[in-house]
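Written out below as structure tokens is the structure these notes cover.
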Amino acid sequence: MKIAQLLTARRDASHRHWTDIAAYAYLLLGVVLMFGPVLWLVLSSFKTQAGLLEFPPSLLPMSQKEISVAGYPQPLPLFTVTMEDGTTRQLAQVRRVGIQSQMVDPDNPSQQYRVAIDKRVPVREFSLATENYTEPLARFAFPRFLANSVFVTVVATLITLLINSMAAYALSIYEFKGKNAAMLMVIGTLMIPITIILVPVYLVVTKLGLVNSLWAVILPGAATPTGVFLLRQYMLTLPRDLIEAARMDKASEWQIYWRIVMPLTLPALAVLAIFSIMWRWNEFLWPLAVLTKTEVYTLQIGLNAFQGELQTQWQYLLAMTVMTLTPVAIVFVFLQRFITTGIANTGMK
Amino acid sequence: MADLKLTDIKKAYGNVTILHGVDLAITDGEFVVFVGPSGCGKSTLLRIIAGLEQVSGGDIRIDGQSVTNVPASDRGLAMVFQSYALYPHMSVYKNMAFALENMGLGRSEVDKRVRRAADMLQLTAYLDRKPRALSGGQRQRVAIGRAIVRDPKIFLFDEPLSNLDAELRVATRKELAALHAEIGGTMIYVTHDQVEAMTLADRIVVLRAGVIEQVGTPLEVYNHPANLFVAGFIGSPRMNLFPARVADAGGVAVGSEMRPIILPSTGHAVVGTDITLGARPEHIDVVGEDQADIVITLDLVEQLGGETYLYGSTPGLPQLTVRQHGQAAYDRNQRLGLRLKRDALHLFDADGSAIRIR
Amino acid sequence: MLRGATRIIDWPMEGLQRLIGERRMPYVFLLPNLAFFGVFVFVPISINFLYSVTGGPALFPAERPFVGAGQYAYLFDCGSFVDPSSCREDHFWRGVSNTLRFTAFQVVAMVLLSLLTAIVLNMKIRGRGFFRAVYFFPVLLSPVVVALIWKWILQRDGLLNAGITGLGGDKILFLSEPGWAMFWIIFVSVWAHMGFYTLILLAGLQAIPADIYEAAEMDATPRWRVFWRLTLPLLWPNLIVVIVLALIRAVQTFDEVFVLTGGGPGTSTLMVVQYIYETAFSNQVQNFGLAAAASVVLGIVLFALTLAQLAFSQRKSS
């Protein structure tokens with residue numbers, strides 16, 4: 001759809017109201033403010049170190065054009081030069097001497113010129129500094145962090161899905177003594193964010209010998225009250241007849257859970273899985289407290305460490321930031337509607 | 001196949017008692033229908049037999065073995081649910097195979113049984129479909145098939161036809177009857193529809209408020225209702241019931257407008273006591289006013305084509321219903337003389353229990 | 001294949017059921033979850049109190065001398081509670097005062113902006129799904145990524161300063177001046193989380209039946225009146241949820257601020273949670289008792305807020 005059409009489209013043209021126009025203005029401002037910074041990050045991440053140091057910065061990643069000239073083994077940088085007679089032409093620079101630059105005509109390499117450096121302007125072209133992406137993968141522990149994050153996210157999500165769905169199953173399908181007490185315990189934990197039990201959880205993890213192990217990140221958050229609630233709410237809507245039919249069909253309680261209830265709870269499990277992936281991928285404070293060795297850093301912790309160490313090497317930092325946000329962005333593009341309705345329905349994040 | 005014996009089955013939820021001590025014996029191969037108004041406890045009784053509910057008291061025996069404390073999964077019974085309870089994520093084949101796999105049968109045995117049942121129920125073409133791709137009638141048959149493959153000791157049916165439309169209900173009813181004739185298992189069937197009860201049952205169990213009111217073959221229950229409740233519940237339209245008094249030996253006086261009716265016998269009824277006289281709508285003839293026991297004014301005529309229902313009233317008596325064969329031309333407000341068939345009347349004493357007169 | 005794999009767990013579970021009986025199976029299903037809650041929530045809560053009444057550098061409570069309310073007394077030892085520098089533990093009170101300021105401005109901005117955005121997104125406009133996605137997108141970004149994105153924009157030679165110099169202004173060191181730093185951490189956290197609250201409010205708006213608005217239109221009700229007399233009262237339950245949730249989260253702010261400013265310049269953006277984290281884990285301090293006492297204080301505040309939320313949502317559902 002054309003932008004103009006999008007802007008002027010209305011449900012009925014007879015009731016044009018100033019609030020409609022204000023609404024579109026607000027939304028467009030929103031697009032710039034919300035997407036702009038991310039776009040700027042992505043564009044910047046493709047600039048060379050020299051490009052990043054430019055002020056004012058260019059919008060697109062640009063770098064100086066280089067050209068191979070016969071007789072010179074290395075490609076030479078290309079400049080637009082204002083000649084003494086006022087004409088301009090493109091010359092390649094062989095070397096610079098003080099405020100003079102020795103230049104050569106690429107079309108006629110035998111012809112050399114001496115040009116004052118303030119008479120020449122670099123010829124620039126759009127180019128992506130992909131080495132910003134490839135070098136951190138080779139030079140830093142970035143792949144290690146990535147692997148750690150993937151491990152934590154996948155394993156923690158699987159554990160979360162399993163134990164929370166088991167608890168939700170018990171709390172939705174059965175009547176048993178102590179059910180209310182168990183529900184209360186689950187609600188109680190809703191009120192205890194990790195921020196206020198940081199120190200004692202650290203002690204527990206130490207006692208279990210898990211400090212500087214990825215399990216220290218995975219285990220403490222595996223049982224989430226929000227997960228239990230979400231799944232229980234969904235399981236309560238399953239027809240009771242199905243469970244009884246399975247019982248009549250000689251299914252054990254575990255089989256009822258695993259072969260009947262779990263497949264039917266897939267939509268809710270998917271929502272919880274997406275949330276769990278987001279939580280785990282983005283988790284910061286707790287891993288920061290419990291992971292102190294570089295080998296076990298997750299992406300977020302690694303990125304935070306980099307931003308301390310690489311203050312002068314923004315090109316790597318930016319590229320790694322982009323790599324960190326890319327999986328989330330991909331998940332978002334494909335599951336946006338799913339996630340937003342999930343949040344709207346459950347009010348959790 | 002098996003027999004079932006219920007002894008003094010009680011069920012209460014807190015202060016609310018659902019079943020007040022039910023005794024019942026069902027023999028091998030019998031088709032028994034539990035019928036009663038909603039809330040009578042018939043479904044609870046079925047679920048107790050199934051093992052889906054625990055008894056508060058009493059004993060359940062299958063083939064002489066007590067199963068009172070055996071969980072549902074180990075009782076070897078199969079149940080067809082009102083909602084069918086098909087596993088929505090499994091194909092028709094998987095739905096039927098699920099229980100067999102749980103029983104630990106081999107793959108070829110499972111396949112053989114499923115295909116035989118599918119063949120019997122004309123489901124072979126649908127074995128790979130999911131339940132949501134089936135019509136209501138097909139789902140119903142899958143639910144039955146799921147029970148059949150088990151070769152269970154007893155089949156339990158919980159109002160299995162109530163989700164079908166009228167036409168399909170009649171067709172499926174006949175199929176069920178044929179099925180019972182073919183495989184001959186012990187079947188227990190719960191319904192609130194007395195037509196299903198009458199057509200399917202070897203024996204009907206009429207329940208009310210957690211108590212068995214009568215057990216008998218369909219015609220026994222119809223012809224000799226044990227009490228006022230059964231008389232009123234079985235038969236459609238309902239039996240006409242008149243307050244009456246035993247006039248003298250062999251005579252019953254009804255209301256003030258009616259002549260005494262001389263019966264072959266009034267059983268053990270004591271002269272002068274209040275009783276209730278019952279006459280089914282088809283046991284009332286339209287006659288000339290001179291021969292009539294009672295003269296009514298017609299309130300409403302319902303023409304069903306094959307038969308005609310007449311509703312009329314007379315002061316001092318409840319509205320009564322007359323069933324006439326074929327089509328008959330009557331007008332509203334017309335006066336009509338009625339005569340009760342002497343050999344088909346029912347008497348009930350002040351407690352509502354039937355008085356044996358035939 | 002998968003069948004074979006699940007059989008492996010089927011058998012022990014079936015054996016267990018045979019052993020303990022069907023009616024005890026719910027406890028088996030509940031056990032793993034409660035074990036996790038127990039080890040990582042209930043035990044830590046009780047240990048937290050133990051920590052807060054003991055002193056010394058030891059990690060294990062048994063090796064820590066009992067000091068009674070000493071940690072709390074130290075924490076609350078202040079000349080004047082309105083002046084953090086008059087307190088013995090001035091960092092804690094800096095954190096409290098910064099957190100209060102941050103919370104006050106952030107929650108107000110958050111609620112107003114997400115309400116405005118939700119209302120605009122609820123209008124009948126083209127491309128609503130796209131715009132909703134735009135506002136929601138930052139919610140999914142990790143705090144570290146969010147902080148780095150803005151650090152890059154706000155740095156001395158960043159995009160924003162390029163804009164300012166382009167307009168003839170002077171470069172501003174946004175994250176090195178206390179006032180600006182506070183402004184930007186509020187701005188960035190609103191930027192990052194607004195989409196979440198917008199979504200809750202939007203769901204509330206969409207739950208208001210359309211015929212109410214049609215009735216108002218038939219009555220020729222002016223738009224502002226529709227907003228004040230219909231929309232706002234009907235949205236009130238969701239708004240309360242949003243306010244309390246925003247409060248609970250704002251009080252716990254840590255991640256973005258820590259990466260963006262590290263609490264600086266000086267202590268001007270130091271938050272309570274960062275104080276707790278550094279008191280417990282930074283190499284110079286490592287004072288578990290004091291950190292635990294501070295987290296008990298924070299916990300009490302959060303508990304009160306959560307109770308408020310439960311009370312409100314209870315009223316909403318009844």
Side-chain angles (χ1 to χ4, degrees), chain A residues 158 161-162 164-166 168-181 183 230-274 338 341-342 345, chain B residues 13 43 46-54 70-91 94-105 110 130-132 139 142-160 163:
Chain A
L158 289 179
L161 290 180
L162 182 71
N164 288 319
S165 66
M166 283 171 73
Y169 171 70
L171 292 173
S172 60
I173 305 295
Y174 297 100
E175 291 302 326
F176 56 92
K177 221 178 248 162
K179 182 176 174 175
N180 287 335
M183 283 294 290
L230 172 75
L231 296 176
R232 176 171 180 267
Q233 230 44 38
Y234 195 87
M235 287 177 183
L236 284 174
T237 66
L238 297 179
R240 213 36 74 99
D241 280 358
L242 281 180
I243 283 103
E244 296 185 334
R247 215 163 271 158
M248 294 299 291
D249 277 348
K250 234 179 145 24
S252 67
E253 302 306 305
W254 174 261
Q255 275 179 313
I256 295 174
Y257 158 74
W258 188 251
R259 295 195 54 192
I260 306 293
V261 173
M262 281 295 263
L264 295 177
T265 312
L266 269 184
L269 287 169
V271 172
L272 180 60
I274 291 171
F338 211 60
T341 48
N345 291 338
Chain B
Y13 297 100
S43 280
L46 190 78
R47 292 166 57 79
I48 281 176
I49 295 170
L52 296 173
E53 303 273 355
Q54 292 296 302
V70 175
S73 51
D74 293 337
R75 289 193 189 182
L77 313 180
M79 181 147 163
V80 176
F81 289 81
Q82 182 174 8
S83 63
Y84 314 146
L86 301 182
Y87 310 125
H89 57 302
M90 296 184 190
S91 65
K94 284 272 170 198
N95 260 283
M96 294 204 270
F98 183 66
L100 302 178
E101 287 165 3
N102 293 338
M103 290 159 71
L105 294 185
V110 170
K130 294 274 173 67
R132 66 170 172 278
R139 286 179 204 178
V142 176
I144 293 172
R146 208 167 59 176
I148 289 177
V149 292
R150 296 268 313 275
D151 194 12
K153 290 180 185 157
I154 301 175
F155 289 91
L156 307 174
F157 296 91
D158 189 4
E159 308 217 19
N163 283 343

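Below, each value reflects all heavy atoms present in this structure, side chains not excepted, and no hydrogens, waters or symmetry copies. Note on naming: letters A, B, ... go to the chains in the order of the sequence lines (proteins, then strands), and numbering restarts at 1 for each one.
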Could you tell me which non-hydrogen atom of R146(B) sits nearest to which non-hydrogen atom of A245(A), and how far apart they are?
-> NH2-CB, 3.5 Å
Looking at side-chain heavy atoms only, is the closest gap between R259(A) and E101(B) below 4.5 Å?
-> yes
Segment of L156(B) engaging chain A (4.5 angstrom heavy-atom cut-off) | side chain
Checking heavy atoms, do the side chain of A50(B), its backbone, both or neither come under 4.5 Å from chain A?
-> both
Distance from S83(B) atom OG to R240(A) atom CZ, nearest 0.5 Å?
-> 12.5 Å
In this structure, OH of Y87(B) is separated from CD1 of I243(A) (nearest 0.5 Å) by 9.5 Å
Side chain to side chain contact (heavy atoms under 4.5 Å, CB included) between K250(A) and L100(B), worked out | CA-CA 9 Å; K250(A) 234 179 145 24; L100(B) 302 178; over 6 Å; no
Could you tell me whether the side chain of D249(A) reaches within less than 4.5 Å of the side chain of M103(B), counting heavy atoms only?
-> no
Pick one of side chain, backbone, both or neither for R47(B), based on which atoms fall under 4.5 Å of a heavy atom in chain A.
-> side chain
Looking at L242(A) and A85(B), what are the two nearest heavy atoms and their distance?
-> CD2-O, 3.3 Å
Output for pair (D241(A) CG, M79(B) CE), nearest 0.5 Å, gives 7.0 Å
Taking every non-hydrogen atom, the tightest pair across P88(B) and L264(A) | CG-CD2, 3.3 Å
